[in-house]
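Take a look at the structure below.
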There are 2 protein chains.
Amino acid sequence: MPHNVKLILPALEDIFLVTPKVNAPQEASGPRMAIYKAAIELFGENGYTATSMRDIAKKVGILPGSLYAHIDSKEALLLEIVESGIKRFLSIESNIAASLEPPEARMRSAIKAHMTAISENLKKYSVVFQQWRYLSGENRTRAVEMRRQYAQSFTNILTQGIESGDFRADLDMRVTVFSILGALNWTIEWYSATGTMTAEEVGDKMADTLLQGLRSDASVKKQTSKKRR
Amino acid sequence: MPHNVKLILPALEDIFLVTPKVNAPQEASGPRMAIYKAAIELFGENGYTATSMRDIAKKVGILPGSLYAHIDSKEALLLEIVESGIKRFLSIESNIAASLEPPEARMRSAIKAHMTAISENLKKYSVVFQQWRYLSGENRTRAVEMRRQYAQSFTNILTQGIESGDFRADLDMRVTVFSILGALNWTIEWYSATGTMTAEEVGDKMADTLLQGLRSDASVKKQTSKKRR
DNA sequence: CCTACCGATCGGTAGG
DNA sequence: CCTACCGATCGGTAGG
């Protein structure tokens, strides 16, 4: 089944500069935001293709045709959700890249911030991780590029850690970065906000294990003697 | 959108005992197997709800209505794919549980075998991990139960490792098991059989990092002095 | 934001 | 395995 919905969208720089009303919900409420939130819920719960515009309209409380007074298309709605989620991650990344902490502390911060972001809107990130593939053409290309950029920021921390001698020199970049991201992103499958652990605790526990796994022998010895003190 | 396709299916024990023709493709070829394989490809690439029976029929080279001479319904096809995938994992698990190796070696075997299984049919496991939620009613319940059982086998290895002193006593079971499964299952997003690494190499690299992360202080010291020898 | 509707496509079936 | 078809539902639009 082809996904060749045609969308004429502003270039990336235009989004950052002018943010036209049609492309991002600025208002904290209003019909447009209600549609956006309903779409997150339904796309997250049932998936993009299994959700009809009629489902969204019903949840919002208007008739199906009326949706198009506020949005351009179903795919535009998906694009908006996916991009806002990845942008959140990219903004985390740029904060951490700017910090002066050593690699291990930077990695822990990145893991915890990522986990916190996911926990704040599990359904949204379920859409970001699993539904982006229903974007077509350049929308899809753009989303893939943004994800790649984010993954690169983890690679950078790893590289610096290896150079400083904190991390093992035999790490495979690709396997390691995707293992960390996989452990993090898989949380949408099991983490529940109503559980006993906060997102920060989960992030800390995850970092405890993953960081010990990354450490070089020299770094391990320093670390264990530190604990024993 | 409700998924209330009604399916009358044999009970679990019947599947194991008699395996009626209608429920699992025994033949390595034939029209039924062709449909099964086409469904894996299409569900894996485009998702269950975005794939139509007409898409499947076209790929197989028959007319849409003719599919129903071989299968019961679209959902029955999905169920078959999902269950066969999880059963593969459960059979890995029972082999490893029966082995007499220490916890760390068992965990490495489990990680490598899991990774190898995924690599042998990436599209199938993409369906297993991402499309199972379109199962309805008891089909879904059964799949969830089988997954839970598999995750439990990782918990068992962890528990034994902590008791033996090989693994850190401060591990959170839930976080740790799902981190390992997350790192493994996320590979469907990035692992390519045409890449430079074999699945075994990826599994080994992953185990190197994850296992070091699991080790207790005592176990770490033994391990680093072993390496230096 | 509603009324009323478009053409296309959906999973599945009766009868052969 | 094909012919011919069912009722239901899809994303989206013209005109108000």
Side-chain angles (χ1 to χ4, degrees), chain A residues 1-9 21-22 25 27 29-39 42-43 45-81 127 131 133-137 139, chain B residues 1-9 21-22 25 27 29-39 42-43 46-81 127 131 134-137 139:
Chain A
M1 201 157 304
H3 316 290
N4 41 11
V5 182
K6 280 166 213 81
L7 285 179
I8 292 151
L9 279 160
K21 195 206 166 188
V22 81
E27 339 84 65
S29 62
R32 198 181 146 61
M33 181 54 90
I35 293 169
Y36 178 76
K37 286 191 174 167
L42 291 166
F43 291 170
E45 275 168 26
N46 307 324
Y48 176 73
T49 52
T51 300
S52 69
M53 297 308 280
R54 284 157 178 84
D55 293 333
I56 296 174
K58 197 176 180 184
K59 184 143 198 161
V60 172
I62 58 177
L63 293 181
S66 305
L67 288 171
Y68 294 91
H70 305 285
I71 60 156
D72 286 339
S73 68
K74 192 186 181 188
E75 180 167 337
L77 213 38
L78 175 61
L79 178 66
E80 190 171 318
I81 297 167
V127 177
Q131 309 299 320
R133 63 161 142 180
Y134 297 109
L135 293 171
S136 65
N139 292 334
Chain B
M1 206 158 302
H3 315 289
N4 41 12
V5 181
K6 279 166 214 80
L7 286 179
I8 293 151
L9 279 160
K21 196 209 164 188
V22 80
E27 341 84 65
S29 61
R32 201 183 143 59
M33 182 52 90
I35 294 169
Y36 179 75
K37 287 191 174 168
L42 291 165
F43 291 171
N46 306 324
Y48 176 74
T49 51
T51 300
S52 70
M53 296 309 278
R54 284 156 178 86
D55 294 332
I56 296 174
K58 197 175 177 184
K59 185 145 197 159
V60 173
I62 58 177
L63 292 182
S66 305
L67 289 171
Y68 295 90
H70 305 285
I71 61 157
D72 287 338
S73 67
K74 191 185 181 187
E75 181 167 337
L77 212 38
L78 175 61
L79 178 66
E80 192 172 316
I81 298 168
V127 177
Q131 308 299 318
Y134 296 110
L135 293 172
S136 65
N139 292 334

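Labels below follow one simple rule: chain letters A, B, ... track the order of the sequence lines, proteins then strands, and each chain is numbered from 1.
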Find the distance [X]:[atom1] to [N]:[atom2] and express it as a whole number of Å.
X        : N      : atom1 : atom2 : value
A/Asp55  : D/dG12 : CG    : P     : 14 Å
A/Lys74  : D/dG12 : NZ    : P     : 8 Å
A/Met53  : D/dG11 : CE    : C1'   : 7 Å
A/Asp72  : D/dG12 : CG    : P     : 10 Å
B/Ile56  : C/dC10 : CD1   : P     : 11 Å
B/Leu78  : C/dG12 : CG    : P     : 12 Å
B/Tyr134 : C/dG11 : OH    : P     : 14 Å

Legend entry - Watson-Crick/G-U partner (both atom distances under 3.5 Å) of C/dG15: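 With both distances under 3.5 Å, C/dG15 matches D/dC2.
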Inset, instruction - Could you check whether the rings of A/Tyr48 and A/Phe43 sit parallel, tilted or perpendicular, using 30° and 60° as the cut-offs? - result: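 Ring orientation, 0 to 90° scale: perpendicular.
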Rounded distance (nearest 0.5 Å) linking atom [atom1] of [X] with atom [atom2] of [Y]:
X       : Y       : atom1 : atom2 : value
B/Tyr36 : B/Leu77 : OH    : CG    : 8.5 Å
A/Asp55 : A/Met53 : CG    : CE    : 10.0 Å
B/Thr49 : A/Asn46 : OG1   : CG    : 9.5 Å

Between the protein and nucleotides 1-6 of chain C, list every N/O to N/O distance that falls short of 3.5 Å.
residue : atom : partner : partner atom : Å
C/dC1   : OP2  : A/His70 : NE2          : 2.5
C/dC2   : OP2  : A/Leu63 : N            : 2.9
C/dC2   : OP2  : A/Ser66 : OG           : 2.7

Legend entry - For A/Arg133 against B/Gly47, the heavy-atom pair lying closest together: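 Nearest heavy atoms, A/Arg133 then B/Gly47: NH1-N, 4.0 Å.
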Inset, instruction - Using only side-chain N and O atoms of B/Tyr68, determine if any of them is under 4.0 Å from OP1 or OP2 of C/dT13. - result: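 Negative; the distance criterion is not met.
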Inset, instruction - Taking B/Arg32 for its side chain and B/His70 for its backbone only, find out whether a donor-acceptor pair lies under 3.5 Å. - result: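 The answer is yes, because a donor-acceptor pair under 3.5 Å joins these two groups.
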